[in-house]
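First listed ligand is number 1; within each ligand, the first listed atom is number 1. Computation of the quantities below employed the complete heavy-atom set of this structure, encompassing side-chain atoms and omitting hydrogens, waters and symmetry-equivalent molecules.
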Amino acid sequence: MSEDLEARIEAAVKKPRNLGEMADADAVGTVGSPDCGDMLRMWIKFKEEDGRKVIDRATFQSFGCQTAIAVASVATELLAGKTIAEAKSMTGEELAAPLGALPPVRIHCAQLVEGALRNALAEDKDSAPPQAPASTSPTLMDQLAAGTAAKVKIVMRSDDHRQPRSS
Ligand code: FES
């Protein structure tokens, strides 16, 4: 990993943006990586802007590595003002772009953030009855203990030297 990238990740971890639960969130997504065991939850609040439903703000909590925290920090900044379709089309690499290109072994950390975002924006949640307020939902720690978070399938790239764990 380049020194520049390490410095940007370190800076983002020292002063993460949009960290913490959002009590009045409209959507919540939680994912866990079966490969590394890390978990991430994202809260999203929408607003109307010029007749469009856009993301007003996004926050996150993570039991994850520093890269996942740094990506979530910059991603929650990037998401403000995006429509659901625009947000859904963003890849982990795009969400991590403000940090710079991630090395192959760290791509899955950005995919964890992408997974939490997609889980929060999942179509079936749109037609589901309103969820319990985020503040009374199971905590990330509860879901970690219960193993009930959505799982993100991490696809290892051919140039990734890390071997996925067999399940
Ligand atoms: Fe698992 Fe980074 S090592 S998300």
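Here C65 does not reach atom 1 (Fe) of ligand 1: none of its N/O/S atoms is less than 2.8 Å from the metal. Among the atoms of H108, none of the N, O or S atoms falls under 2.8 Å from atom 2 (Fe) of ligand 1.
The two atoms that bring S89 and R118 nearest to each other are C-NH2, 4.3 Å, heavy atoms only. The nearest pair of heavy atoms linking G81 to R52 is O-NH2, 4.1 Å. Summarising the geometry of L102 relative to V71, their closest heavy-atom pair is CD1-CG2, 4.2 Å, with the distance given to 0.1 Å.
Under a 4.0 Å criterion applied to the non-hydrogen atoms of C109, ligand 1 contributes the atoms 2 (Fe), 3 (S), 4 (S).
The side chain to side chain contact (heavy atoms under 4.5 Å, CB included) test with I44 is passed by exactly one of T59, V28, I55: I55.
Within a 6.0 Å sphere centred on CD of E3, other residues, nucleotides and ligands contribute 12 heavy atoms or fewer.
In this structure, R106 has a heavy atom closer than 4.0 Å to ligand 1.
The atom name of the N/O/S atom in D38 closest to atom 1 (Fe) of ligand 1 is OD2.
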